[in-house]
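Letters A, B, ... are given to chains in the order of the sequence lines, protein chains preceding strands, and every chain is numbered from 1.
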Protein chains: 2
Amino acid sequence: MKIAIDCMGSDKGPEVMIKGALTAASNYNDLELVFVGNENKIKNILKNIKIDNHTYKIHNTTQVIKNHDKPIIAVRSKKDSSMVVAARMVSNKKVDAMITAGSTGAYLTSGLLIIGRLKDIRRPALSAIIPSYVIGNKEALLLDCGANMDASSDDLVNYAIMGHIYAKELMARKSPRLSLLNVGVEEGKGNKVVKETYQILKESDLNFIGNIEARTVFNGETDVVICDGFSGNVAIKTFEGAAKALMRKLKDALMSDFKSKVGALLLKNNLEEMKKDLDYNQYGGGVLLGIKGIAVKCHGSATELAIEIALGQTYEMVKGNIVEVIARELKKKTSKEN
Amino acid sequence: MKIAIDCMGSDKGPEVMIKGALTAASNYNDLELVFVGNENKIKNILKNIKIDNHTYKIHNTTQVIKNHDKPIIAVRSKKDSSMVVAARMVSNKKVDAMITAGSTGAYLTSGLLIIGRLKDIRRPALSAIIPSYVIGNKEALLLDCGANMDASSDDLVNYAIMGHIYAKELMARKSPRLSLLNVGVEEGKGNKVVKETYQILKESDLNFIGNIEARTVFNGETDVVICDGFSGNVAIKTFEGAAKALMRKLKDALMSDFKSKVGALLLKNNLEEMKKDLDYNQYGGGVLLGIKGIAVKCHGSATELAIEIALGQTYEMVKGNIVEVIARELKKKTSKEN
């Protein structure tokens, strides 16, 4: 198996990408990494790493897509950028998958324009893993978290099918519980698109357990949360903002006087543990589902550990033939409709 | 001034409503409370309270709208329910405003059907105060947080006008900074409706400062956040869920071993303070803006303090002639368009 690593996209530079990927790769003996990016920089980093037993290649590129570049223009004009070259490798089957921590816009555009949509899907969806805080550590998959701003009910039903497959194949959920993000749990709630989607999912073979409110999304009561890219993005980012704000508030509380500083010292380990739990880095990368290849997107400031986890996730996606399984199920749905 | 108190809507029973309202009323010498609900129950509660100097009336009602009642059916059939009677008093100008902690659905329906929309508005919006955690205690107003599921750009522009007025009159912001909830800060982001709204607000006289992402909504960078009722509801409820989840995680961390229990003891006061800060109860009630009267909605489990704060807010809204100011500004907009 070959996986391309876009070495130039991370806010932290190529080192995180390379080290994270190498650590992950040491777990697999059938994996070859292709480091895509500035060859000199990559070689310089590799020089200082003790590499045992891994095979890797370097593919030199001369351009980099920056976060402030306009995605469509950048993807079209920077043809020798690490992100575009990695995507082209996926498209040409030179590699089985790619990983990037670069600009989300350029990632989505590369997925749509270079790797391309599956035949039976109008708009791919970006998935995200959301943490759970109540029942064990049962994370849920949320999609779409920002690829498609104007989703139709047909789009949302496709997301349900893809989410079902992802949760089954990659999250080991036997019969994934699917929920529709809504403003209330009762049938008949929500906007026009969500109401239509509810009716279609109710009649489907999927394990649709109904509407879910944003306040219970983190409770471990569901495996897959279906929503349009606008409200999904709002949910993800509200959580991120709330977590940051609350940790800052906690820090203030801990540092406000001498007594609390002593208390904070006693709690240090437990609070570190809690902070780690809140760290999005441990929850793997986002995946654009509905395209003709595997491309995983990590956070721009993802740590080595995050890259390592995302690479493991990518490996499993290739092994599970996730793209073929999704293509087959979407085709089934289309044939039923016609 | 007269304010009707729906005594029967709170999850905690009439006592919270009555006590909270009486405490607030002691601050004003021109305020008469009208307790709407079961007269016997209300009298029983009042019997045990030392009331100095307040004037109040009791308006007996025989029905109660429950949380599981279908809003439209309940509002139409339970004509002698405390919520419907209070709304009718607002509509007939028997009182200047009402407060309820009852079912949100019935509240919205009463607002729309009994009090009625202003002439120049298609869909009223429900506002909510959201806390801020960075710059001082500069809360922001978010609307719509759930009244209108399918908002047009014209609706959102109306929300901007109403939000501007509310922030100016009731939150003492001289030139309220208005933001559009979006998936990114750049112009051109978002769904069709949001993109259209951006263009209209950009050309308007309002102090529109552009898009805002959900992760920075709590940073004190804005005074008014404009969004459709679906995504606004998702934002509010994600924050609620995140805050609960994080406080639970913190509790677990504090109670996990002996050392941390000692630490927790030292931190007790500061953590209590933090918990109080996160309490939605202190942030007043939601207001359905765009109707022909003032009706304030508190959380079903709002405390006495929350009712007290909400009553102060209601008093200020009446004093500020908020409905007349909104009606005038919306009329101006309509005349400009024609």
Closest contact, heavy atoms only, B:Ser231 versus A:Phe230: OG-CE2, 3.7 Å
Can you tell me which of B:Ala235, B:Ala214, B:Gly241 forms the most heavy-atom pairs within a distance under 4.5 Å of chain A? B:Ala214
How far does NZ of B:Lys189 sit from CG of A:Asn233, to the nearest 0.5 angstrom? 8.5 Å
Mark yes when over 12 heavy atoms from residues, nucleotides or ligands other than B:Lys195 sit less than 6.0 Å from its NZ; otherwise mark no. yes
Output the option from A:Ile236, A:Val234, A:Val262 having the highest count of non-hydrogen pairs under 4.5 Å with chain B. A:Val234
Over 12 foreign heavy atoms within 6.0 Å of CZ, A:Arg122: yes
Picking from B:Asn182, B:Asn191, B:Val217, which has the most non-hydrogen pairs under 4.5 angstrom with chain A? B:Asn191
For chain B, find which of A:Thr104, A:Val183, A:Asp150, A:Asn148 contributes the most heavy-atom pairs closer than 4.5 angstrom. A:Val183
Looking only at non-hydrogen atoms, find the nearest pair between A:Leu266 and B:Lys259 and report the distance. O-CE, 3.4 Å
Residue A:Leu181 versus chain B: region with a heavy atom under 4.5 Å: both
Counting heavy-atom pairs under 4.5 Å to chain B, which of A:Thr216, A:Leu250, A:Val194 comes out on top? A:Leu250
NZ-CG distance between B:Lys244 and A:Asn219, expressed to the nearest 0.5 angstrom: 8.5 Å
